[in-house]
Amino acid sequence: MVLGLVTGSTAAYVVDKLGALLNSGELTDIVGVRTSKRIQEQAAALGIPLSILDAHSHLDLASDGADEVDPNLDLVKGRDGLYCARKCSRRRRINSWWLQELFKEEGCDAKLRLDADGKPYVTDNLNYIVDLYFKTPIRDSSAGGKEIAALEGVVEHGLFLDMATIVIIAGGDGVTLRRDMVFVSFNTKAEADAALAAFQGKVMIELAYWGSCIVLDYHLLW
Ligand SMILES: O=C(CO)[C@H](O)[C@H](O)COP(=O)(O)O
């Protein structure tokens, strides 16, 4: 099985657990595709067999942390500054002053990310990062992502759209799984009720009726 090994304080727990399962023999036949130097060091120290993205056209599973998630499972990521290895391989020059001016017009502060010494932070792929502080939520993340990506000098952005299929949320009340919304059409209310009865007990369902279409937004229960 080919696993994407990603980076961040949350992802580090997954890598630790993976190493423990491999070392105890509960898991075998795993190869990890690393996305950063940091995760490579952690995985290597735990004895996890490693490979690189170019050697695998397909990953069987990749789990990752996120800074923010919206109801469509679109994510904002990149606080650790390592999104590039996961999304792109292009590199261009960036002009942060120009970006700042541009985003001011959009009602958004753009700040060049600095390291602990106050110097521009440089990613594993030798890029700079401009953090965008929006004063109001991004209304259309898909259009926003396209516009940002199209800007000359921008290599990649931290909006991970249509990529996550399941979100695991750990909180004070326990752990929940959240999947994509499921859009289901039924011809009659009886059909809808029968389908709902089949789901009950396995999932917690939130319902919305949109014309003849019922939207099931469900959380799987452990
Ligand atoms: O995108 C990322 C790295 O660039 C991280 O996955 C994201 O910032 C979440 O980090 P953490 O798990 O440390 O809260």
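Each ligand, and each atom within it, is numbered from 1 in the order the structure gives. What you see is a predicted model; the values in this text were computed from it and never measured.
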(message) As a quick check of understanding, evaluate side chain to side chain contact (heavy atoms under 4.5 Å, CB included) for L132 and V130, giving each step before the final call.
(response) CA-CA 6 Å; L132 301 179; V130 175; 4.1 Å; yes
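- For ligand 1, the polar-atom distance check against G65 finds a nitrogen or oxygen pair separated by under 3.5 Å.
- Side-chain contact check for V33 versus V2: some heavy-atom pair is nearer than 4.5 Å.
- Counting non-hydrogen atoms of other residues, nucleotides and ligands closer than 6.0 Å to CG of D60 gives a total above 12.
- Applying the 6.0 Å contact sphere to CG of D29 captures no more than 12 heavy atoms from other residues, nucleotides or ligands.
- For ligand 1, the atoms lying closer than 4.0 Å to a non-hydrogen atom of D64 are 6 (O).
- Distances below 4.0 Å separate heavy atoms of A66 from the following atoms of ligand 1: 9 (C).
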